[in-house]
Amino acid sequence: MKALPLAALALLAVVPAVRAADIPVDLSEPLPPKAVTWSFEGPFGTYDRAAWQRGFQVYKEVCSACHSLNRIAFHDLTFGFSEAQAKALAAAAKVPADPNDKGETTDDKGERLTRPGILADHFQPPFANEEAARANNGGALPPDLSLIVKAREGGAAYVYSILTGFHLTPPKGFAVQDGKYFNPYFAGGNISMPPPLAEGSVTYADGTTASIDQEAHDVVTFLSWAAEPKMEERKHIGLGAMVFMLLISGLLFLSYRRVWKDAH
Amino acid sequence: MATTTAPEPTRRDFIFIATGAVAAVGGALAAWPFIDQMNPSSAVLALSTIEQDISTVQPGQQVVFKYRGHPLFVRRRTPKEIAEAKSVNVADLPDPLARNANLPDDAPATDANRGVHPEYLVLVGVCTHLGCTPTVSTPQVPQGEYGGWLCHCHGSQYDTAGRIRKGPAPQNLAIPPYSFLTPTRIKVG
Amino acid sequence: MSGPSTYVPKSGFARWMDSRLPLARFAHDTMLTFPTPRNLNIWYAFGAILTTMLMIQIVTGIVLAMHYVANADMAFDSVENIMRVINYGWLMRYLHANGASFFFIAVYVHMFRGLYYGSYKTPREVLWILGVILYLLMMATAFFGYVLPWGQMSFWGATVITNFFSALDQITPHWGSAVATWLWGGYAVGDPTLNRFFSLHYLLPFVIAGVVGLHVWALHVPGNNNPLGIDVKGPQDTVPFHPYYTVKDAFYVALFILIYLGFVFYAPNFFGNPDNYTPANPVVTPPDIVPEWYLLPYYAMLRSVPQKLLGVLVMAGSLITLVFVPWLDTSKVRSSRFRPMMKQFFWIFVVDCLILGYCGSQSADAMLLSTSIPLVWVARIGTLFYFAFFWLIMPLLGLIETPKPLPASIAQPVLSPAE
């Protein structure tokens, strides 16, 4: 499906608002994810490249402060950027350097020595280890996002609903825990992540208006790709496989009828 | 009761030939991924070209880097070593070819054809006999009679241009495709 | 019965080999000329489908093993490496994971076919028991295989299943825990467990292949059963396996593969659990541990019994029951086509298995739909019916049922095609 700028508007039209009165107090089963259409759903779906680029920008400028994306290498970005752009993004990243001639890996201040990244390098995590991540996030561990879309029931719709589900008022009688935020799309209703997206959190390079819905839609497109970069190839080969199997099934059926013609 | 024999094929039915042919094609197409998965993956191919900083190599010294899983010898030659390499008559060499991936296959093994920059020698550090890593010869610790390299496995000796002079190795040490990006940075592969 | 071999070697080399190792004769007699009932329907194609799926699993499995690393620190990453970096790795992985599900779909159809048409009855008792052994080997193989990606479900599923053995502590103190420790190679599921599960997962499919050989041999002694359940009376009742059933089976195999590939390419994670895309964490248990769908009925039976040891014994009992089926069914009539009461109970049994599967998929404290009936009571009734079907209904039916009259022979109804 070719991406249309109107897709962004159509998206907003599809998602109905949830009223506070509709939210149950017991959120051990969270609200079902919002119904959203994606460019990549269905047997002919593709990752809309413009949304992917915008989504990368959202990840880089907002999410990467707390969430790693360890399984993506800079080379993978040639999916939606040119090789030169991917190389530049890699070079801007600081990658832990190999030990120097003296065998040191840290400088005099104890900081890890780094070198500019190359295409083969992976994205660097924001925190050195789990303990540092928890210490910087009130004890909670922001999960790596490389597989988040496949690792959650509801997939892309679930992640999108979480990101856009923060503005709702808790129902009467619901206790919002200390240090947590209300989000009825999250099991239990109390999520440790503060609302990450706001109107204009990023200024899109292509000039698209950066509403929360738009940012969420774009970053989920990007993260869906991160979880399943081979999807387009899979569906493309799948089409050939289905056509072939239908053909060979038809031929075998005719062969079967020919063989059995005289047997009855 | 009518007994049944398999339909006597006086001519092969077209449908059977068509089915067999389509199945054979399908089988070949299906087999390809199983074969291709053993080919180098994208991670391996990503490292098939590297950029290497060679500013740490001192005159008369060799530093060994990694390239495609092999040792990459970068040697900075002294004027004496360069002169030695230039003085050799190519016709006397066991292997008269340059073995330089940056030049045509039939280029002769003159010293000029063994590198881009006369001072630096960039070689794949794999002995052309059976694949061991040759040891570099230094003035303090000479290896072999030609001042280049000695392979301790079976005694092959290379000169200061990495050309085989003595021993069982059939070819000069290979020169990979490379170029200088800056005076101290090379791109290999 | 196949009678004497009619193979005639056609070349000098063929004669030479035939007198030394008669492989061509063996193939000719078992796969070309083998007399097969002429009235086999679609449900008889699942043996060939199963053989195909076994070969697909072995080939894709060997290929995956070239890239997989069986170490607790690297296993999950190695699978993601296969998915993202190895050429067509994603295809190999999805073929193998979905192949397991389709292997089980095929085996359940195959087993239900055997029950419906009385294929377990004399003289095919050993054939049936070999089938039960194959089913158990498949479950073990699938269980070991699911642990290998070392996701949350891999780890916690392994923990739950291996903890069954600690239930034996209630029989002999410390013995069950000793068995569990021996299985784990440590005090909990960990790296030693992963490594040995990989070794066993690689081994068992070849054991399966060997037992399949015995299974087909045991089939070929009496020959195939058929939808009418009556014996073959002569050559008019049979056709040579080739080309009649080679081509017919190939057609059904192609249809099955078509559906299988539909999932591989367009819904590759349909049968899976999202929790297995989270790396294993020994200190965080997922809220709902569920095995893969093909083990859900047993999971439901296990959880329906509140006592730990009894639950394990009930689950084991449900599998051991299958071994006795040839003797539990007292009817002299094989095929349910002529057994109106058995036919009804069979379908209720099928629905019972589906209900048990559903119960197994829900959390332990779930309610039945939107009622306040705990689902565990549905599972209890389902478990009771499961055992009643084999131990009460099957024996009783043979005594009280009036079967419909059987046709005189296989060939006779074929003259007015009932295909």
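The model shown is predicted, which means the values in this text are computed figures rather than measured ones. Here is the naming used below: chain letters follow the sequence lines, and residue numbers restart at 1 for every chain.
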Below 4.5 Å from any heavy atom of chain B, which atoms of A/I237 appear? Answer side chain, backbone, both or neither.
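Interface part for A/I237: neither.
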Quick check on A/L119 against chain B: is it the side chain, the backbone, both or neither that has a heavy atom closer than 4.5 Å?
neither
Counting heavy atoms not belonging to [X], are there more than 12 under 6.0 Å from its [atom1]?
{"X": "B/H152", "atom1": "NE2", "result": "yes"}
{"X": "B/D105", "atom1": "CG", "result": "no"}
{"X": "A/K235", "atom1": "NZ", "result": "yes"}
{"X": "A/R115", "atom1": "CZ", "result": "yes"}
{"X": "A/K150", "atom1": "NZ", "result": "yes"}
{"X": "A/E104", "atom1": "CD", "result": "yes"}
{"X": "B/K66", "atom1": "NZ", "result": "no"}

Looking at [X] and [Y], what are the two nearest heavy atoms and their distance?
{"X": "B/A18", "Y": "A/L251", "answer": "O-CD1, 4.1 Å"}
{"X": "A/F244", "Y": "B/V22", "answer": "CE1-O, 3.3 Å"}
{"X": "A/I248", "Y": "B/A23", "answer": "CD1-N, 3.6 Å"}

Looking at [atom1] of [X] and [atom2] of [Y], how far apart are the two atoms once the value is rounded to the nearest 0.5 Å?
{"X": "B/L45", "Y": "A/H75", "atom1": "CG", "atom2": "NE2", "answer": "8.5 Å"}
{"X": "A/F253", "Y": "B/I15", "atom1": "CZ", "atom2": "CD1", "answer": "11.0 Å"}
{"X": "B/L47", "Y": "A/I118", "atom1": "CG", "atom2": "CD1", "answer": "6.5 Å"}

Heavy-atom distance under 4.5 Å to chain A: side chain of B/S42, backbone, both or neither?
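Interface part for B/S42: neither.
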